[in-house]
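Worksheet: one structure, shown below.
Keep in mind that this is a model prediction, so the values were computed, not measured. Here is the naming used below: chain letters follow the sequence lines, and residue numbers restart at 1 for every chain. Values reported hereafter were calculated over all heavy atoms of this structure, with side chains retained and with hydrogens, waters and symmetry mates removed.
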Amino acid sequence: MLEYISRNSLIHSLHPLTKLAWALVVMILSLVFNSPWYLAAIIISVVLVGFIAKVGRETLVYLSALIVVAAFVFIFQILFRPEGIVLFTIFPISWPVVGGWLPVTDVGLSYGFAMSLRMIALVSVLPVILTTTQPRDIVMALVDTLHVPYDYAFMFTTALRFMPVILSEVNTISQAQRSRAYAVEGWNPIRKLQALGPIALPIVFIAIEKADRLGLCMELRGYGSKYRTYLRMLKLGNLDWVVFLLFIIVIILSILAAINGYGRIQLVGM
Amino acid sequence: MEPIIHVKDLNHVYPNGTHALRGVSLTVYPGEFVAIIGQNGSGKTTFVKHLNGLLRATSGEVWVDGLNINEHTVSEMARHVGYCFQNPDHQIFCDSVEKEVAYGPKNLGLSDTQIEGRIQESLKAVGLRDLRKVHPRDLSKGQRQRVAVASVLSMHPAVLNIDEPTTGQDYQDGIDMLNLIDRLNQAGHTILFITHDMPMVARYARRVVVFREGEILLDGSTREVFREIEKLRSTFLIPPQITMLAYQHRDFYPETILSTAEMVDQTLMHLNRHLRKPW
């Protein structure tokens, strides 16, 4: 799971909003361009930012996990895109009946490359942002700067915060049931479903109890009273403004470039 | 006599690198009543979880009831070692007490008549015979803990591990719980219980094992262990007040005292001797 990693870097010290804006810029760029070279360049730039943020290794681990998903996108694109010059067919022409089915074309190949790279580029910023920004700072940015209601932002962080708690409770429950000879054996899906009860019922009960207690504790500490102040205020620094300016320039330049045909490949049927 | 629990040079390192047990060796014979005490994080629970395979040894050997734990799954061990977790809500999921108690025996593949017999005897042992049709959520915490014990008992384990049976209960529920455990011990179960409750240890346990930082610091009869005041203090354990009072006047009470009754006996004995007066 992607969690905040406390390291001292330039990227860590940026305002969360700047990082969210960066995510938006990367998203726009990967939608504007469709050339595999340009998309690969975007991914490399994100990895570079990851290394500047001293989370390069984590970023690469996450991206390599994505390659499996990207491979699926790639395979679907080459299988179901019949336009362009046929390079070969999955079922050789010489075969009876099925011969010549599922042709692989040059367009299909380049489209497959472009789409899988675009998919990776779109989500590549996630590991960098999540490992360099504390969840409470993201909430702070949402509430303070983007004026998202505090209740929603609080729900978001509480959900994040309770994930490990619930997982450890599930672990304890599973140990307690296994001590009573609970075992899930075989592949019978009905038995597997039945086996959920001894784990699921206690966890639902415990989660409801915890939520109830959390609500009570929050109210006792004045949650929902009218005026709320914050201990840590986040300020956009000079560096943030410089980065914002850079973003705007990059977006304008790349849109201009795309209009003039750079970074876009002509695909039949697009 | 063959030991029922035999642990040799047990080490456990958690995935996060915590070295929770460092070369623990312990032998327990059938019918013993052992209290396991120590600070939080000293390795008590980690140790006990090795006895039915919930945790696997990083190195070392664990034998229970003549079985090498490494060759058996947790559910296979369930008929030999029962484990009551601290919070009964971690295991209760049925809509009646009897179904909850029947769950373990069902998993062991017993017949309906056998299961019925197990339900009756387990509920009788924990004193909940009249509540067998009740929904467990309608019971008090102390009663739910009894349901948890009964649902482990119904599998007829030779060894019963009970994690903090008195935590979060009032005095009477705590006493009732330990009286129950004491009865189970007399009925032949080997008992290991983890606790922070020193008066209960003094009153019920016959053997005490003290854990400190993943090692066994002390192991002996309750009286022998509570004699080692300084060693206990090193791991922030303090024997019951009556034991401490006697210790502070050890010229007068050379023997370790575990209860008020013993204190009275000793005092009367001294008074008789020194005043030469029949008291």
Side-chain angles (χ1 to χ4, degrees), chain A residues 1-7 55 57-58 61 65 131 161-217, chain B residues 15 45-46 48-55 72-95 99-110 118 122 135-137 141 144 147-157 159-163:
Chain A
M1 244 180 35
L2 287 168
E3 274 181 314
Y4 177 71
I5 301 168
S6 179
R7 279 180 196 151
V55 291
R57 210 172 56 83
E58 288 82 356
V61 168
T131 50
R161 142 123 178 46
F162 267 91
M163 280 304 283
V165 176
I166 296 295
L167 283 179
S168 102
E169 292 284 353
V170 167
N171 189 30
T172 310
I173 292 168
S174 136
Q175 287 191 346
Q177 305 300 28
R178 281 161 63 209
S179 301
R180 295 202 290 161
Y182 163 89
V184 191
E185 279 152 12
W187 291 95
N188 187 338
I190 295 167
R191 289 207 62 173
K192 282 223 186 277
L193 214 61
Q194 281 174 335
L196 275 178
I199 307 284
L201 292 172
I203 193 61
V204 168
F205 181 75
I206 284 176
I208 291 173
E209 213 176 44
K210 270 193 198 302
D212 199 38
R213 207 173 318 141
L214 176 73
L216 207 65
C217 290
Chain B
T45 301
T46 305
V48 170
K49 281 186 177 172
H50 279 84
L51 299 180
N52 67 344
L54 283 173
L55 290 175
H72 298 274
T73 64
V74 177
S75 47
E76 282 167 8
M77 289 312 295
R79 64 176 82 223
H80 304 279
V81 185
Y83 193 131
C84 291
F85 278 66
Q86 191 180 337
N87 183 355
D89 295 336
H90 278 133
Q91 66 163 74
I92 290 177
F93 71 100
C94 295
D95 58 8
K99 282 187 197 164
E100 194 65 46
V101 176
Y103 179 70
K106 270 191 203 163
N107 284 337
L108 297 182
L110 299 188
R118 297 279 176 102
S122 314
H135 198 295
R137 300 273 166 240
K141 173 107 186 223
R144 283 211 298 280
V147 173
V149 172
S151 63
V152 170
L153 215 53
S154 59
M155 290 183 291
H156 279 189
V159 180
L160 262 179
N161 298 324
I162 306 175
D163 200 343

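Residue Arg79(B): no heavy atom, backbone or side chain, is found under 4.5 Å from chain A. Both the backbone and the side chain of Glu100(B) come within contact range of chain A, judged by heavy atoms closer than 4.5 Å. Of the two parts of Thr73(B), neither the backbone nor the side chain holds a non-hydrogen atom closer than 4.5 Å to a non-hydrogen atom of chain A. Only the side chain of Phe205(A) comes within less than 4.5 Å of a heavy atom of chain B; its backbone N, CA, C and O stay farther away.
The two residues Ala181(A) and Ala78(B) have their closest heavy-atom pair at N-CB, 3.5 Å.
Counting heavy-atom pairs closer than 4.5 Å to chain B, the top-ranked of the candidates Thr172(A), Leu201(A), Ile203(A) is Thr172(A). In terms of non-hydrogen atom pairs under 4.5 Å with chain A, the most contact-rich of Gln91(B), Lys106(B), Met155(B), Met77(B) is Gln91(B). The most heavy-atom pairs under 4.5 Å with chain A, out of Asn161(B), Leu108(B), Asp89(B), come from Asp89(B).
Remark: Glu76(B) engages no residue in a salt bridge (charged side-chain N to carboxylate O under 4.0 Å, His left out) (not counting sequence neighbours). In terms of the ring pair (Phe, Tyr, Trp, His ring centres under 6.0 Å) criterion, residue partners of Phe85(B) (sequence neighbours excluded) are, by chain and number, Tyr83(B).
Applying the 6.0 Å contact sphere to CZ of Arg57(A) captures no more than 12 heavy atoms from other residues, nucleotides or ligands.
In this structure, Arg180(A) fails the cation-pi test against Tyr103(B), since its NZ or CZ atom is not both closer than 6.0 Å to the six-membered ring centre and inside 45 degrees of the ring normal.
Judged by distance alone, the side chains of His90(B) and Glu169(A) do bring a donor and an acceptor atom under 3.5 Å apart.
Looking at heavy atoms from C-beta onward, Leu54(B) lies in side-chain contact with Ser179(A) at the 4.5 angstrom threshold.
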